[in-house]
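Shown next, in structure tokens, is the structure this report addresses.
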Amino acid sequence: MSIRLFDSKEGALRAFVPLEPNRVSVYVCGPTVQSSPHVGHLRSALVYDLLRRWLTHEGYDVTLVRNVTDIDDKVLDNAAAAGIEKWWALAYRMELEFSQAYAALGILPPTYEPRATASIPEMIALIERLIDRGHAYVAADDSGDVYFDTRRWPSYGSLTHQNPDDMDAAADADLRGKNDARDFALWKGHKVGEPDSANWTTPWGGGRPGWHIECSAMATKYLGSSFDIHGGGLDLRFPHHENELAQSEAAGDGFAQYWLHNGLVSIGGQKMSKSLGNSVFAADLLAASDAIVLRYLLGSAHYRSTLELHETAIAEAQAAFDRITGFLARVNRSAAADVVAGQVPEAFREAMNDDLNIPQGIAVIFDEVRSGNTMLDDGMIAKAVSIAERIVAMLDVLGLNPGAPEWNNTGTQPSAVALELLLEQLLLNRQEARDTRDFAAADKIRDNLAAAGITIEDTPTGAHWSLHGR
RNA sequence: GGUGGAUUGGCCGAGAGGCUAGGCAGCGGCCUGCAAAGCCGUCCACGCGGGUUCGAAUCCCGCAUCCACCUCCA
């Protein structure tokens, strides 16, 4: 039983065989830190976090590199538009926002997170190799730009299965110093008015890197000239990934063996993006919901599908996830101990191995929840515990185990202790009222608590309370 | 014009020739003082038109609609 992944370049599912046994190298295109993270960025990072967790679970030693694009047209433009903030200050401020949002969602830090500005020498060396091999040229217009020569690279278009001649040739595009409209910038010559801090010296003049070259340079710098998996959002397939592939292969690198592309997040059937102005920002959504529920929601569609962020999505995800945690809480009460992780069921493994079919894996969790609840109803505690152990194992793989350290943010605060004591007393009062069949008084306590967002559940062993389903 | 992808029940969302996921919501029941939670049952499906087949949501052909990308984007 091996892992199968959908390789965008082949356009088919392929059995995953790493270059080195038991080791996997993954490069993921991270964000351009030009503005605050939105839900789409979170989903993308989450997809590769889940891939990494699954590969790790299956015994692979995973090296995950996710870059930070901290020098780019937009970074410079946005900093200039804002006024006094330096471009590097903006980039760093945004990078911190991204890191915070990732951490809030339980997305593990990558093995390494290189910044583009820290690999300029490698980019320059790569561009020199391309010039030497005749695949790149310095623009004839004295701009200092360097372009990749797409016409001299016969396989250009192979990633996205396009014939360059059929591409919409942006009729009004300014050729500048290009030989062909499809040639793309490896290097952008320094322009008057651009900050000196964004001006690096090269054999062909000062300037800054183009967008695509950084990923080729950093992927091979950290993962080698050939590595296993390259991932990123579907909207990066062209031009970004096509150009990465072209320049890396033209320079003689083997580059990525598998290309993965995650689906986008849509609102009302339309892609969420910075340029469309329909972004739902990570910070807003994290403020409006439990982070673990948001993680469940963003992981609940297959990674290649478009995920529609509809109005009631969070409430539905909360209800669904409460069903899982509700069962675990029942088991913990019955067993008077916290359940630990066991082995994942074979059906779950098969789903995950099949191109990371997490929706199918979640269905396995709910099947287990149902049978586990039945066991509890029938008083078969030991069986319920072993089911719960399997569920915790699956939740661990998905980063959704509410008992895992990254989610453990309650219980020790003074306010939580005070709440616990108050609730104990109120439940006692309610029980006394019920014992004397004073149901009006008992229900008043329950109604008051419900108004405060606290739910009471009566069980054969006494009443339990929960806040927001936890 | 080119390249990919999608259309599944009230909603979300898997599957991929016969076994008709899962969740949310709804309805009926069990349980409960009443609830809640849980369990059982239940309603509601595969965009349209053809074709192949004993059998098609699934394969083939055509059509429609939508989405993404074609050098700013996760």
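Note that the structure is a prediction, hence the values are computed from the model and not measured. Order of the sequence lines sets the chain letters (A, B, ...), proteins ahead of strands, with each chain counted from 1.
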Inset, instruction - Show your reasoning for whether side-chain contact (heavy atoms from CB on, under 4.5 Å) applies to A/Ile314 and A/Leu297. - result: CA-CA 7 Å; A/Ile314 289 175; A/Leu297 170 63; 4.0 Å; yes
Inset, instruction - Could you tell me whether A/Gln34 contacts a base, only the sugar-phosphate backbone, or nothing, with contacts defined as non-hydrogen atoms closer than 4.0 Å? - result: nothing
Inset, instruction - Please report the closest heavy-atom contact between A/Leu76 and A/Ala198, naming both atoms and the distance. - result: CD2-CB, 4.1 Å
Legend entry - Side chain of A/His41 - closest among B/A74, B/A35, B/U71: B/A74
Inset, instruction - Send over the distance from A/Lys178 NZ to B/U71 C1', rounded to a whole Å. - result: 6 Å
Inset, instruction - Classify the nucleic acid contact of A/Val265 as base, sugar-phosphate or nothing, counting any heavy atom under 4.0 Å across all strands shown. - result: base
Inset, instruction - Counting heavy atoms from C-beta on, name the nucleotide in B/U71, B/A74, B/C24 closest to the side chain of A/Leu264. - result: B/A74
Inset, instruction - Tell me which of A/Asp72 and A/Ala442 sits closer to the 5' end of RNA chain B, going by the nucleotide each one is nearest to. - result: A/Ala442
Inset, instruction - Answer yes or no: does a side-chain N or O of A/Lys271 lie under 4.0 Å from OP1 or OP2 of B/A74? - result: no
Inset, instruction - May I ask you to say what A/Gly232 touches in the nucleic acid, namely base, sugar-phosphate or nothing, with a heavy-atom cut-off under 4.0 Å? - result: sugar-phosphate
Inset, instruction - Name the residue closer to the 5' end of RNA chain B, choosing between A/Asn243 and A/Asp458 according to the nucleotide with the nearest heavy atom. - result: A/Asp458
Legend entry - A/Asn262 side-chain N/O to A/Arg304 backbone N/O, donor-acceptor pair under 3.5 Å: no
Inset, instruction - Starting at atom CG of A/Leu260, determine the distance to atom P of B/G4, rounded to an integer number of angstrom. - result: 18 Å
Inset, instruction - Assign A/Gly30 to base, sugar-phosphate, or nothing according to its heavy-atom contacts below 4.0 angstrom with the strands shown. - result: sugar-phosphate
Legend entry - Distance-minimising heavy-atom pair for A/Asn67 and A/Pro31: O-CD, 3.8 Å
Inset, instruction - Indicate, with a heavy-atom threshold strictly under 4.0 Å, whether A/Asp443 touches base, sugar-phosphate, or nothing. - result: base
Inset, instruction - Check the pair A/Glu389 / A/Val339 against side-chain contact (heavy atoms from CB on, under 4.5 Å), numbers first and verdict last. - result: CA-CA 6 Å; A/Glu389 286 170 351; A/Val339 169; 3.5 Å; yes
Legend entry - Shortest non-hydrogen contact between A/Leu309 and A/Met272, atoms and distance: CD2-CE, 4.3 Å
Inset, instruction - Report which part of the nucleic acid A/Asp367 touches: base, sugar-phosphate, or nothing (heavy-atom distance under 4.0 Å, all strands). - result: sugar-phosphate
Inset, instruction - Take the protein atom CD1 of A/Ile445 and the nucleotide atom P of B/G33, then report the distance between them rounded to whole Å. - result: 17 Å
Legend entry - Partner of A/Arg430 by salt bridge (Lys or Arg N to Asp or Glu O under 4.0 Å), out of A/Asp443, A/Asp447, A/Asp458: A/Asp458
Legend entry - Atom-to-atom span, CD of A/Glu214 to C1' of B/A74 - whole angstrom: 14 Å
Inset, instruction - Using the six-membered ring for Trp and the full ring for Phe, Tyr or His, decide whether A/Phe439 stacks on the six-membered base ring of B/G33 (centres under 5.5 Å, planes under 30°). - result: yes
Inset, instruction - With heavy atoms under 4.0 Å as the rule, sort A/Ala320 into base, sugar-phosphate or nothing. - result: sugar-phosphate
Legend entry - Sugar-phosphate, base or nothing in reach of A/Leu234, heavy atoms under 4.0 Å: nothing
Legend entry - Separation of atom OH in A/Tyr156 from atom P in B/U71, rounded to whole Å: 9 Å
Inset, instruction - Can you tell me the distance, in whole Å, between the CG atom of A/Asp438 and the C1' atom of B/C34? - result: 14 Å
Legend entry - Rounded distance (Å) that lies between atom C1' of B/A37 and atom CG of A/Leu427: 15 Å
Legend entry - Test of ring centre spacing under 6.0 Å for A/Phe184 and A/Tyr147: no
Inset, instruction - Taking only the side-chain heavy atoms of A/Lys74 (C-beta and beyond), determine which of B/G4, B/G33, B/C72 contains the nearest atom. - result: B/C72
Legend entry - Value in whole Å for how far the P atom of B/A6 lies from CZ of A/Arg304: 8 Å
Inset, instruction - Give a yes/no answer on whether the side chain of A/Thr312 brings an N or O atom under 4.0 Å of OP1 or OP2 in B/C12. - result: no
Legend entry - Sugar-phosphate, base or nothing in reach of A/Ser266, heavy atoms under 4.0 Å: nothing
Inset, instruction - Kindly point out which of B/C24, B/G2, B/A35 is positioned nearest to the side chain of A/Arg446? - result: B/A35
Inset, instruction - Specify the closest pair of heavy atoms between A/Gly30 and A/Arg66, including all atoms of both residues, with the distance to one decimal. - result: CA-CG, 3.7 Å
Legend entry - Distance, C1' atom - from B/U71 to B/G18, rounded to whole angstrom: 49 Å
Inset, instruction - For the residue pair A/Thr69 and A/Met218, establish whether any side-chain heavy-atom pair is separated by less than 4.5 Å. - result: no
Inset, instruction - Would you indicate which nucleotide in B/A74, B/G22, B/U71 comes nearest to any side-chain atom of A/Pro239? - result: B/U71
Inset, instruction - Side-chain contact test, heavy atoms from C-beta onward, threshold under 4.5 Å: evaluate it for A/Val33 versus A/Phe98 and give yes or no. - result: yes
Output one line per pair: protein atom, nucleotide atom from nucleotides 13-19 of chain B, and distance, for all N/O pairs under 3.5 Å.
{"from": "B/G13", "atom 1": "OP1", "to": "A/Glu308", "atom 2": "N", "distance (Å)": "3.3"}
{"from": "B/A14", "atom 1": "OP1", "to": "A/His302", "atom 2": "N", "distance (Å)": "2.5"}
{"from": "B/A14", "atom 1": "OP1", "to": "A/Ser305", "atom 2": "OG", "distance (Å)": "2.9"}
{"from": "B/A14", "atom 1": "O3'", "to": "A/Asn357", "atom 2": "ND2", "distance (Å)": "3.3"}
{"from": "B/A14", "atom 1": "O2'", "to": "A/Gln360", "atom 2": "OE1", "distance (Å)": "2.9"}
{"from": "B/G15", "atom 1": "OP1", "to": "A/Asn357", "atom 2": "ND2", "distance (Å)": "3.1"}

Can you pull every protein N or O that's under 3.5 Å from an N or O on nucleotides 38-42 of chain B?
{"from": "B/G38", "atom 1": "O3'", "to": "A/Asn373", "atom 2": "ND2", "distance (Å)": "3.1"}
{"from": "B/G38", "atom 1": "O2'", "to": "A/Arg330", "atom 2": "NH1", "distance (Å)": "3.4"}
{"from": "B/G38", "atom 1": "O2'", "to": "A/Asp377", "atom 2": "OD1", "distance (Å)": "3.4"}
{"from": "B/G38", "atom 1": "O2'", "to": "A/Asp377", "atom 2": "OD2", "distance (Å)": "2.7"}
{"from": "B/C39", "atom 1": "OP1", "to": "A/Arg323", "atom 2": "NH2", "distance (Å)": "3.4"}
{"from": "B/C39", "atom 1": "OP1", "to": "A/Asn373", "atom 2": "ND2", "distance (Å)": "3.4"}
{"from": "B/C39", "atom 1": "OP2", "to": "A/Arg323", "atom 2": "NH1", "distance (Å)": "3.1"}
{"from": "B/C39", "atom 1": "O4'", "to": "A/Asp377", "atom 2": "OD2", "distance (Å)": "3.3"}

Legend entry - Closest non-hydrogen atom pair, A/Leu90 against A/Ala79: CD2-N, 3.7 Å
Legend entry - Same-atom distance (C1') from B/C30 to B/A35, integer angstrom: 15 Å
